[in-house]
Amino acid sequence: MDRFPDDLREVAMVGAVLNRLGLRYALGGSMASSLLSIPRFTQDADLMIDPFPGREAELQEALGPDYYVSVTAMSEANRLRRSFNVINKTNGFKLDLFVRKDRPFDLAALERSAPITLPADPAQHITVLTAEDVIVLKLEWYRLGDEISEQQWRDVMGLLKVQGENIDLEYLRRAAGELGVVDLLERALEQAL
């Protein structure tokens with residue numbers, strides 16, 4: 001976990017670029033899970049970002065020469081609502097930017113996200129998905145991975161246990177229903193309680 005504060009600063013720096021360009025984003029995945037529950041090692045950061053077709057070259061230029069990002073990969077990700085990589089050439093840290101899917105859940109998740117201040121640097125902040133949205137997305141990834149990823153399941157368990165009564169169960173169940181993972185959510189809730 002020694003790198004975790006540095007990785008968060010990296011997310012904050014890329015997030016600041018996205019903010020300057022008016023591109024809404026939020027941290028999700030394992031790094032968000034670690035912030036909201038039990039910290040664990042992760043090798044990259046996952047960001048959900050609004051679509052930005054036609055602005056790919058602008059983002060590449062704004063990131064500057066320290067970052068590798070392919071305009072072609074960004075264009076493809078915008079067109080297909082998939083992901084592309086941003087890699088810091090200096091330290092090798094990788095961010096996977098997932099272009100928001102065209103479904104109500106993803107739009108709501110970005111709207112519900114909130115900024116948090118970095119513990120190691122109060123002047124910097126990053127926008128993070130809510131615990132509920134991270135749980136539902138992790139359950140979706142768990143299902144897409146044939147329900148064999150122990151790490152995805154442990155992240156869900158950690159979020160449910162640490163967040164406890166702060167979890168909005170009504171929203172969580174509705175969102176899980178929207179993504180077709182209600183059965184997994186109910187199993188997770190039963191195990192977490």
Side-chain angles (χ1 to χ4, degrees), residues 1-52 55 58-69 74 77 83-100 105-138 141 151-152 154-168 171-172 175:
M1 290 303 295
D2 291 343
R3 279 195 51 154
F4 197 62
D6 292 336
D7 294 348
L8 287 174
R9 277 193 287 279
E10 190 68 43
V11 172
M13 290 189 309
V14 171
V17 170
L18 297 172
N19 285 333
R20 271 197 315 276
L21 295 177
L23 300 176
R24 189 170 56 163
Y25 82 94
L27 177 68
S30 298
M31 192 173 284
S33 176
S34 290
L35 280 172
L36 299 170
S37 68
I38 301 165
R40 73 168 176 90
F41 177 75
T42 182
Q43 297 179 342
D44 61 6
D46 296 337
L47 304 180
M48 182 187 289
I49 183 172
D50 270 332
F52 58 103
R55 299 185 66 195
E58 182 183 4
L59 176 55
Q60 183 186 50
E61 183 178 324
L63 286 167
D66 288 342
Y67 290 91
Y68 168 79
V69 60
M74 285 190 282
S83 67
F84 63 94
N85 299 323
V86 173
I87 301 169
N88 184 318
K89 292 190 268 185
T90 308
N91 61 24
F93 188 73
K94 180 175 72 116
L95 295 97
D96 296 318
L97 277 68
F98 291 81
V99 178
R100 178 183 53 76
F105 168 80
D106 296 74
L107 186 57
L110 270 180
E111 289 173 357
R112 288 168 41 86
S113 65
I116 64 164
T117 302
L118 298 187
D121 187 353
Q124 289 188 310
H125 74 276
I126 56 176
T127 304
V128 181
L129 293 174
T130 65
E132 292 88 355
D133 292 320
V134 173
I135 289 167
V136 173
L137 286 168
K138 285 197 159 285
W141 278 105
Q151 192 57 64
Q152 296 284 10
R154 276 195 300 270
D155 286 347
V156 168
M157 290 291 102
L159 283 159
L160 288 171
K161 289 176 181 176
V162 170
Q163 292 294 322
E165 294 179 5
N166 295 324
I167 293 284
D168 180 344
Y171 172 83
L172 189 58

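What you see is a predicted model; the values in this text were computed from it and never measured. The first residue of the sequence shown is numbered 1, and numbering continues consecutively from there.
Results of the side-chain contact (heavy atoms from CB on, under 4.5 Å) test with Tyr67 over Asn85, Val14, Thr90, Val17 single out Val14 as the only residue that passes.
Counting heavy atoms from C-beta outward, Gln163 and Ile135 have side chains that stay 4.5 Å or more apart. Looking only at side-chain heavy atoms (C-beta outward), Tyr25 and Asn19 come within less than 4.5 Å of each other. Met31 is not listed as a side-chain neighbour of Ile126, based on a closest heavy-atom distance of 4.5 Å or more. Side chains of Thr127 and Leu18 form no contact here, defined as non-hydrogen atoms less than 4.5 Å apart. Put simply, the side chain of Arg55 reaches to within 4.5 Å of the side chain of Leu23, judged on heavy atoms. The shortest distance between side-chain heavy atoms of Leu27 and Leu35 falls below 4.5 Å. Glu58 places none of its side-chain heavy atoms less than 4.5 Å from the side chain of Phe52.
Between atom CG of residue Leu137 and atom CG of residue Asp106 there is a gap of 6.5 Å, rounded to the nearest 0.5 Å. In this structure, the separation between CG on Leu47 and CG on Leu97 is 4.5 Å, given to the nearest 0.5 Å. The CZ atom of Arg154 lies 12.0 Å from the OG atom of Ser37; values are rounded to the nearest 0.5 Å. A distance of 4.0 Å separates CD in Gln152 from NZ in Lys138, rounded to the nearest 0.5 Å. Atom OH of Tyr171 and atom OG1 of Thr130 lie 5.5 Å apart (nearest 0.5 Å). Taken from CD in Glu10 to CG in Asn91, the straight-line distance is 5.0 Å, to the nearest 0.5 Å.
The shortest heavy-atom contact between Ala131 and Ile167 is CB-CD1, 4.1 Å. Between Arg20 and Ala62, the shortest heavy-atom distance links the atoms NH2-O, 4.2 Å. Shortest non-hydrogen contact noted between Leu36 and Leu129 is CD1-O, 3.6 Å. What you find for Asp44 and Lys94 is that their closest heavy atoms are CB-O, 3.0 Å. Taking each heavy atom of Met74 and Leu59 in turn, the nearest pair found is SD-CD2, 3.7 Å. Taking every heavy atom of both residues into account, Val134 and Gly29 meet most closely at CG1-O, 4.0 Å.
When atom types are taken as modelled, the side chain of Glu132 and the backbone of Leu172 share no donor-acceptor pair closer than 3.5 angstrom. Although no hydrogens or angles enter the test, the distance criterion places no donor-acceptor pair under 3.5 Å between the side chain of Gln124 and the main chain of Leu118. Looking only at distances, a side-chain donor or acceptor of Ser34 sits under 3.5 Å from a matching main-chain atom of Ser30.
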Audit row: Arg24, Asp50, salt bridge (Lys or Arg N to Asp or Glu O under 4.0 Å) steps and yes/no: CA-CA 6 Å; Arg24 189 170 56 163; Asp50 270 332; 2.8 Å; yes
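No more than 12 heavy-atom neighbours from other residues, nucleotides or ligands sit within 6.0 angstrom of CD on Glu61.
Shown here are the side-chain contact (heavy atoms from CB on, under 4.5 Å) partners of Ala77, two or more places apart in sequence or in another chain: Phe84, Val99.
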